[in-house]
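These notes concern the structure reproduced below.
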Amino acid sequence: MKYIEWFGKNFIGLFEAGGEQFIGFMTGIVPLLIVLLTFTYSVIAFIGQDRVDRAIRYCSKYMILRYSIMPILSVMMLTNPMAYTFGKFVNEEEKPAFYDSVVSFLHPVTGLFPYANAGELFVYLGIANGVMKAGYSQSSLAVRYFLVGVVVILFRGIVTERLTKFLIAKESKRVNT
């Protein structure tokens, strides 16, 4: 009987802890996410959608901008999963590399811009809690994640584009012979 009572108490306790966590998010992170998202869309409206589109088209012409600035802007302005739609500005053979860059940036951006990929926020906050318990700054972790993320997406984009173009050329040779 003791075991059943213990199980019942702890089973309900699990859901009580989940409810407390949920309320913490509703009074803490959710309002922050809404304000950040509102700010981002306000900036886009202020600048103008046409100007933003022209800037993205310009970035798509150059490899370094295509795999650094474009993914950053797409993730910060459109959030996950809409960020992939910036792929319409790149050539067909560059789309896999652009997708790779965007998807690789969805976690590193979370520390500074949590609204961009709320699904990853739980992972980031778990890591950030450990960093804070170790006596380090959460903001320092967020900046480092962001900067390393930029380097990683640039590298991944360039490598994936080269691989894609190599495979396209190899396939076209195979088909033509």
Do Val102 and Phe86 touch side chain to side chain, with heavy atoms closer than 4.5 Å? no

Do Leu65 and Met70 make a side-chain contact, defined as non-hydrogen atoms from C-beta onward lying under 4.5 Å apart?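 No, their side chains stay 4.5 Å or more apart.
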
Do [X] and [Y] share a hydrophobic cluster (ILVMFWY, side-chain heavy atoms under 4.5 Å, transitive)?
X: Tyr62; Y: Leu73; value: yes
X: Met82; Y: Val43; value: yes
X: Ile158; Y: Ile168; value: no
X: Val148; Y: Tyr67; value: no
X: Tyr124; Y: Val152; value: no

Output the rest of the hydrophobic cluster of Val151: all Ile, Leu, Val, Met, Phe, Trp and Tyr residues reachable through side-chain heavy-atom contacts under 4.5 Å, sorted by chain and number.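 Once heavy-atom contacts under 4.5 Å are chained together, Val151 still belongs with nothing else.
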
Can you run down the side chain to side chain donor-acceptor pair (under 3.5 Å) pairs that involve residues 130-139, sequence neighbours left out, and say none if there aren't any? Ser137-Ser139

Looking at every non-hydrogen atom in both residues, tell me the closest pair between [X] and [Y] and how far apart they are.
X: Glu161; Y: Ala97; answer: N-CB, 3.4 Å
X: Val109; Y: Val75; answer: CG1-CG1, 3.5 Å
X: Leu141; Y: Ala128; answer: CD2-CA, 3.8 Å

At what distance, to the nearest 0.5 angstrom, does [atom1] of [X] lie from [atom2] of [Y]?
X: Ser74; Y: Ile69; atom1: OG; atom2: CD1; value: 11.0 Å
X: Arg66; Y: Leu154; atom1: CZ; atom2: CG; value: 10.5 Å
X: Ile64; Y: Cys59; atom1: CD1; atom2: SG; value: 12.0 Å
X: Asn91; Y: Thr164; atom1: CG; atom2: OG1; value: 12.5 Å
X: Phe98; Y: Tyr84; atom1: CZ; atom2: OH; value: 10.0 Å
X: Met77; Y: Gln49; atom1: CE; atom2: CD; value: 7.0 Å

For Ile153, is there any backbone N or O sitting under 3.5 Å from a side-chain donor or acceptor partner on Ser101?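 Confirmed, Ser101 side chain pairs with Ile153 backbone.
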
Stepwise side-chain contact (heavy atoms from CB on, under 4.5 Å) test for Val143 and Leu112: CA-CA 7 Å; Val143 169; Leu112 292 177; 4.2 Å; yes

Checking ring-ring contact (aromatic ring centres under 6.0 Å, His included) for the pair Phe89/Tyr58: CA distance, chi angles, key distance, verdict? CA-CA 9 Å; Phe89 296 111; Tyr58 176 80; over 10 Å; no

List the steps, then state whether side-chain contact (heavy atoms from CB on, under 4.5 Å) holds for Val150 with Ile72. CA-CA 8 Å; Val150 171; Ile72 291 169; 3.6 Å; yes

With a 6.0 Å cut-off on ring centres, are Phe105 and Phe146 close enough?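 Phe105 vs Phe146: aromatic centres under 6.0 Å.
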
Please test Lys95 against Tyr99 for side-chain contact (heavy atoms from CB on, under 4.5 Å), starting from the C-alpha separation and ending with a verdict. CA-CA 6 Å; Lys95 288 183 191 236; Tyr99 173 82; over 6 Å; no

